[in-house]
Amino acid sequence: MKGGIYSLLKAKFLIEDDALKNWKFIVFLILLAMVMIANSHRYEQKTYRITELTNEVKELRSEFVDRRSQLMELKMESTISREMEPKQILPSSVPPKKIRVLKEEKSVLKSLWQ
């Protein structure tokens with residue numbers, strides 16, 4: 001047992017005759033560790049990006065609600081009347097009348113004869 005640990009600490013398994021097999025395995029483990037580190041790094045980057053985009057969506061949604069309420073206020077008749085008073089444009093005292101246009105249906109033969 002003591003000889004096994006001593007040879008492991010001295011890394012004799014890397015310089016023996018069949019060391020090529022051990023070196024291949026060590027290189028494989030190093031490459032696997034590098035892939036895992038890169039994958040973890042990418043995952044963290046995507047998580048941060050998702051968090052940033054979520055916050056941006058929340059900000060844009062609140063800005064949208066603010067702008068929509070400002071638009072509703074600007075569209076109100078009282079606001080328009082107040083803005084037009086300095087230009088001497090006042091609301092009409094006579095209510096509007098609805099104009100309806102009735103279409104006459106012409107047959108194809110009538111339109112050909114005319």
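Predicted, not measured: the structure shown is a model, and the values here were computed from it.
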Which value, rounded to the nearest 0.5 Å, describes the distance between Ile30 atom CD1 and Phe25 atom CZ?
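Spacing of CD1 (Ile30) from CZ (Phe25) equals 11.0 Å.
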Taking atom CG of Leu29 and atom CE of Met36, what is their separation to the nearest 0.5 Å?
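So the gap between those two atoms works out to 11.0 Å.
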Quick one: side chain to side chain contact (heavy atoms under 4.5 Å, CB included) partners of Ile37, sequence neighbours excluded?
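Ile37: no side chain to side chain contact (heavy atoms under 4.5 Å, CB included) contacts found.
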Give every donor-acceptor pair under 3.5 Å between a side-chain atom in residues 43-55 and any protein atom, sequence neighbours left out.
residue : atom : partner : partner atom : Å
Gln45   : NE2  : His41   : NE2          : 3.4
Thr47   : OG1  : Tyr43   : O            : 2.8
Thr51   : OG1  : Thr47   : O            : 3.0
Thr54   : OG1  : Ile50   : O            : 2.7
Asn55   : ND2  : Thr51   : O            : 3.4

Kindly state each residue pair satisfying salt bridge (charged side-chain N to carboxylate O under 4.0 Å, His left out) with at least one member in residues 53-66, sequence neighbours excluded.
Glu63-Arg67
Can you give each donor-acceptor pair under 3.5 Å made by side-chain atoms of residues 84-92, sequence neighbours left out, with the distance rounded to 0.1 Å?
residue : atom : partner : partner atom : Å
Ser92   : OG   : Val94   : N            : 3.2
Ser92   : OG   : Val94   : O            : 3.0

Show me the donor-acceptor pairs within less than 3.5 Å that the side chains of residues 73-81 make with the rest of the protein, sequence neighbours left out.
residue : atom : partner : partner atom : Å
Thr79   : OG1  : Glu73   : O            : 2.8
Ser81   : OG   : Glu77   : O            : 3.0

State yes or no: do Ile26 and Val35 share one hydrophobic cluster built from I, L, V, M, F, W and Y residues joined by side-chain heavy-atom distances below 4.5 Å, directly or via other members?
no
